[in-house]
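Computed from a predicted model, the values in this text were never measured in an experiment.
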2 protein chains.
Amino acid sequence: MDKSSTNKNIKLSDVARLAGCATGTASRALSRPDMVSKDVIKRVQAAVEKLGYTPNNAAKSLRSRRSNLIGIVIPTIDHSIFAQAVNALENRLSQLGYSLLVTTSQFDLKRELQQTQMLVERGSEGVVLVGRMHDPELYEFLRIRGIPYINTYAYRPSEGHPFVGFDNSKATAQIAEYLFTLGHADIGVISGATKDNDRATDRVAGVKEAYRARGKELPPDRITEQPYTISGGREGLRYLLSKGKRPTAVVCSSDILAFGALSECNALGLHVPEDISIIGFDDHELAAHLRLTTMQVPAVEIGQRAAEYLVAKLNGDPVPDHAELEVRLIARGTAGPPSRKTASARTEKAR
Amino acid sequence: MDKSSTNKNIKLSDVARLAGCATGTASRALSRPDMVSKDVIKRVQAAVEKLGYTPNNAAKSLRSRRSNLIGIVIPTIDHSIFAQAVNALENRLSQLGYSLLVTTSQFDLKRELQQTQMLVERGSEGVVLVGRMHDPELYEFLRIRGIPYINTYAYRPSEGHPFVGFDNSKATAQIAEYLFTLGHADIGVISGATKDNDRATDRVAGVKEAYRARGKELPPDRITEQPYTISGGREGLRYLLSKGKRPTAVVCSSDILAFGALSECNALGLHVPEDISIIGFDDHELAAHLRLTTMQVPAVEIGQRAAEYLVAKLNGDPVPDHAELEVRLIARGTAGPPSRKTASARTEKAR
DNA sequence: TTGTAGGCGTTATCAT
DNA sequence: ATGATAACGCCTACAA
């Protein structure tokens, strides 16, 4: 390592000169060592080392038309379930020789479109998207440019897009069915904002479908939309309690909401699951700790599979366009049979 | 929007031809509209629209020697406190016209070096680092190439590097001092792995320093290192209880560890804070919910400031190299005065 | 096996 | 204000 030099603009031709060969040869020595003599390779490597040469990726990309960059547009990174997937995605991409460009849509489909275009301009060869509903122009943009992409955290192959994830509405339908089996007949739903959010929308829809499958309907006042926060969950629970007879069970579309609901039950002196059952979604790191019954989401596998899918596509390798991953209902302590006695009208206590 | 064409390889010269001007003029029309006539701008924009032109970023970077890319190497994204900072960093960078390349070191300094070099090869103009201890070669690499960088989540200006963050050892010293003031004299520490992790190391050191400031020493068997998980926290608490008389308070170097410790106390029938005080670090989203007394860390501000610092440096704008951000001890329900009666030796219950 | 030379798409420079 | 031309650093035919 040459310590004194301020070797900023070392280029391959400098390496070649020092190694006593042509630039093209030096290039081959580095990227196709099998096409070059042992001796030259050694000299080139020595020169690289001595000069502290780093390839210029812009030039490489320009010439080779390959950036080795993958982009992801995520609603927000500040969400443990997405963070886990991004982490897994990055690790797998890194192993496969790709780097990850991360950007956020803030749950705004127009912004998602803009950010995707930006990622592509920046050279992303493939794009990871969250959910299944995107601006139609987004799909068109990707199609025209021939950029491979994959929808994650959702599964709806009939829509004709590549998916790695699970069907959100089937997942909550399964939760509701589980509650029905336990004996519940009156279920409330605390949802995150459904606008521009197909995961949230589908999760609410799943509960409705489960009702319909039993020939019933989920009443509109059994659904409340709240911000994805603890206090959103608390507020949601209070809302549900304020509508006449209280539901015997509550399905939350994220664990954070469920934590808030749990917290509010605690504050109100409601016993879980005796007085009311609460079920979450995600299997957050702390769900086990709080004994929350919840739906486990394969975030890590989603990240890994998305990486593998895109890289396979880019290499022209065959790879299925649809991977339905398993979600698993983890029965812990917050859901049980409804209590025999009719729920006493204690809603006034809820403010 | 031209729907039928498969406009992949539209270049600026195509736009220029359609707009009836020279390539260079078209370039200026897009990037320096003030140097070009209104008329040409309009024609160029129309041509861009019609052809669906997207600039080739590799060519742009190669020629202009600017990538508008910033890189970050983070131990893991899968950690709410880092996720928050990355989220804030990305949002701020996006506003400033930069994109973010994210990569992870997995708490390994050699890997951190490699990843940093990779980020720079990929064209990052600036680099965000976590912590203050890095491979010396990393600093050298950045210095030689003249790449601006900033250390985050730490503050030690005497080391001669740019910092935006807080002094981890001062923070835990403050926690220990708070406990001393409450009347505690025997404090245990549950730390994350300190290897290659200056934040963890400094946090342990802070408690030691607080002891020394009072002319005492923190006994080695009052410190345990555990993985950053709930069960790490539980295990850590059990370890501390297994060493003779139990400490009256425990400082955890992250909230996750504290949640585990709390959980274990609960399982053991230990009342918090009557029997034992527990303090965390981070002010995790759920800390308020669990009434955890903890140190609040300005993750969002760290992310924003890091973005602003690097962009200012790249623009040649003056900007201070050191920003010490405030941490704040949030007193909630898990720390209080030690109980009067001598703690009964109930350690055998802790397995 | 190695050298030579042209071009990837853009912006900068120098004219006009 | 605009046009022409030359790089930016690398890779890859093609020639030797």
If you take atom types as modelled and just measure distance, does the side chain of B/R63 reach the base of C/dT10 with a donor-acceptor pair under 3.5 Å? no
Just N and O in the side chain of B/S27: are any of them under 4.0 Å from OP1 or OP2 of C/dT10? no
Could you work out which one of D/dT2, D/dC10, D/dC14 sits closest to the side chain of A/Y53? D/dC10
A/K11 NZ to D/dC11 P: how many Å, rounded? 14 Å
Quickly work out the A/L12 CG to C/dC8 P distance and round it to whole Å. 20 Å
Establish, with yes or no, whether the OP1 or OP2 oxygen of C/dT2 is under 4.0 angstrom from a side-chain nitrogen or oxygen of A/S37. yes
Tell me: CZ of A/R32 to C1' of C/dT2, nearest whole Å? 14 Å
Gap between atoms CZ and C1', on B/R17 and D/dA4 respectively (whole Å): 16 Å
A/Y149 and A/Y139 aromatic ring geometry - parallel, tilted or perpendicular at 30°/60° bounds: tilted
Rounded to whole Å, how long is the line connecting atom CG of B/N9 with atom C1' of C/dG7? 14 Å
In whole angstrom, give the distance that lies between atom CG of B/N57 and atom C1' of C/dT11. 13 Å
We want to know whether A/E90 and B/T103 form a side-chain donor-acceptor pair, criterion being a heavy-atom distance below 3.5 angstrom. yes
Pairwise 5' ranking along DNA chain D for B/D39 and A/A59, keeping only the more 5' one: B/D39
Salt bridge check, A/K42 against A/D39: does any charged N sit closer than 4.0 Å to a carboxylate O? no
Nearest-Å distance for atom pair CG/C1', residues A/D14 and D/dC10: 13 Å
Nearest-neighbour nucleotide for the B/R28 side chain, C/dG3, C/dT10, D/dA4 considered: D/dA4
If I take atom NZ in residue B/K38 and atom P in nucleotide D/dT2, what distance separates them, rounded to the nearest angstrom? 12 Å
So, is A/R65 near the phosphate of C/dG9, with a side-chain N or O under 4.0 Å from OP1 or OP2? yes
Measure up the B/H79 and B/F82 rings against each other and bin them: parallel (under 30°), tilted (30 to 60°), perpendicular (over 60°). tilted
For a quick test of reading the model: is some side-chain N or O of B/S64 closer than 4.0 Å to OP1 or OP2 of C/dT10? no
Sidechain N-carboxylate O distance under 4.0 Å for B/E140, B/R143: yes
